[in-house]
Amino acid sequence: MFRNGARRDHDSGPAPEALRLVKVTKSYGTADSAVTALDGVTLGLARGTFTAVMGPSGSGKSTLLQCAAGLDRPDSGIVRVDGTELTGGGETELTKFRRGRIGFVFQQYNLLETLTVAQNTVLPLKLSGRRVDRRRAREILTAVGLGDRLGHRPDQLSGGQRQRVAIARALVTEPRVIFADEPTGALDTRSAREVLRLLQEAVRVHGRTVVMVTHDPVAASYADSVLFLADGRLAGQLDAPTADAVAERLAHLGDDTMAGV
Ligand SMILES: Nc1ncnc2c1ncn2[C@@H]1O[C@H](COP(=O)(O)OP(=O)(O)O)[C@@H](O)[C@H]1O
Ligand SMILES: [Mg+2]
């Protein structure tokens with residue numbers, strides 16, 4: 001099977017994990033009103049895997065994604081993406097790495113309304129100073145079912161179509177890891193399913209690694225495994241998740257029996 005994500009950068013040694021977090025902590029606010037969003041999270045994700053992150057509102061899911069994607073910096077701990085440590089380097093270096101190796105999909109799409117679908121899609125290439133290959137934009141937009149919408153503006157698209165543009169934009173740089181924070185949160189069931197299939201395809205066909213926050217047990221069932229967060233800590237893992245098993249586990253999150261991964 002051809003999997004880009006499994007390709008090795010070096011001749012010896014095992015391929016690095018797609019994502020490694022070691023004792024990552026993050027608080028917001030000042031001493032007397034500090035909120036601990038992440039409380040010593042350690043985890044590792046193999047390349048070519050699809051992981052869902054679930055947990056109650058305020059449990060630290062978005063903070064986890066932001067820190068893992070280099071959009072935010074942890075207070076302490078280590079974040080490694082594809083073997084490269086994000087924590088510790090300078091801002092310029094981090095931005096460069098993030099633009100080249102990481103894709104991000106947001107719940108509210110974050111498309112630029114003044115740019116066309118094609119322009120939005122190739123923006124990460126422009127920002128990282130890479131050649132803007134229009135054929136590539138067309139190819140990737142065709143793959144997400146928008147090959148006939150290249151010149152449209154975001155406000156001429158449905159929510160599901162906008163999110164597919166956002167996915168095309170996240171894929172265009174061929175990133176090692178794609179982070180998605182509630183990518184189906186604003187979508188109807190059918191559009192959500194299309195978006196989930198695209199994320200699944202990015203993993204299964206193209207060997208990318210996807211980490212997706214979701215509230216929805218059905219969405220989580222598209223992943224290979226689910227990580228549960230509670231109060232900024234890992235509170236369990238479920239492999240080969242079914243929607244029912246996920247819902248059941250969520251209902252008991254916080255029970256003592258669910259502690260530890
Ligand atoms: N920018 C911020 N400033 C202050 N507190 C924040 C900020 N972002 C998140 N928090 C707090 O950190 C905790 C975790 O938030 P978040 O990661 O957004 O959780 P989730 O995505 O699981 O709902 C919450 O208590 C939240 O209120
Ligand atoms: Mg969130």
Side-chain angles (χ1 to χ4, degrees), residues 19-43 45 50-79 81 86-87 91 94-95 98 102-111 159 162-163 166-167 170 177-187 191-192 195-196 199 209-223 225-238 241 243 246-255 258-261:
L19 181 67
R20 166 62 54 176
L21 268 59
V22 184
K23 293 183 184 168
V24 170
T25 65
K26 175 82 185 176
S27 301
Y28 293 104
T30 47
D32 49 337
S33 63
V35 174
T36 304
L38 292 178
D39 191 7
V41 173
T42 295
L43 61 84
L45 301 180
F50 187 176
T51 303
V53 178
M54 303 190 86
S57 182
S59 59
K61 303 182 297 295
S62 292
T63 305
L64 176 74
L65 240 60
Q66 303 264 333
C67 288
L71 289 167
D72 203 349
R73 280 186 187 274
D75 298 332
S76 63
I78 292 170
V79 176
V81 172
L86 302 193
T87 36
E91 211 55 49
L94 176 62
T95 303
R98 194 177 60 228
I102 295 172
F104 212 101
V105 179
F106 304 87
Q107 180 174 350
Q108 293 301 334
Y109 328 122
N110 288 19
L111 300 176
R162 286 178 196 218
Q163 196 61 303
I167 288 176
V177 188
I178 296 151
F179 295 96
D181 196 349
E182 311 221 21
T184 61
L187 304 181
S191 305
V195 160
L196 291 162
L199 292 174
T209 304
V210 172
V211 186
M212 171 183 76
V213 167
T214 182
H215 273 117
D216 177 10
V218 174
S221 73
Y222 281 73
S225 64
V226 182
L227 294 178
F228 295 94
L229 267 188
D231 295 327
R233 297 184 189 175
L234 281 182
Q237 177 173 347
L238 188 62
V246 170
E248 170 74 17
R249 187 72 81 95
L250 274 179
H252 297 287
L253 206 60
D255 290 4
M258 294 300 157
V261 182

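Counting starts at 1 for both ligands and their atoms, following the listed order. What you see is a predicted model, and the numbers here were worked out from it, not measured in a lab.
Of the candidates I78, L64, T42, V81, L21 forms a side chain to side chain contact (heavy atoms under 4.5 Å, CB included) with just one, namely L64.
A side-chain donor-acceptor contact under 3.5 Å links Y28 and T63. For D75 and T25, the side-chain atoms include no donor-acceptor pair closer than 3.5 Å.
Distances from the Mg ion (ligand 2) show that S62 has an N/O/S atom below 2.8 Å.
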(request) Applying side chain to side chain contact (heavy atoms under 4.5 Å, CB included), run through F179 and V105 and close with a yes or a no. (result) CA-CA 6 Å; F179 295 96; V105 179; over 6 Å; no
(request) Start with the C-alpha gap between E91 and R73, add the side-chain angles, then the distance that decides, and say whether salt bridge (charged side-chain N to carboxylate O under 4.0 Å, His left out) holds. (result) CA-CA 10 Å; E91 211 55 49; R73 280 186 187 274; 3.4 Å; yes
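Closer than 4.0 angstrom to ligand 1 sit non-hydrogen atoms from Y28, V35, A37, P56, S57, G58, S59, G60, K61, S62, T63.
The main-chain N or O of P183 is found under 3.5 Å from a side-chain atom of Q163 such that the two form a donor-acceptor pair.
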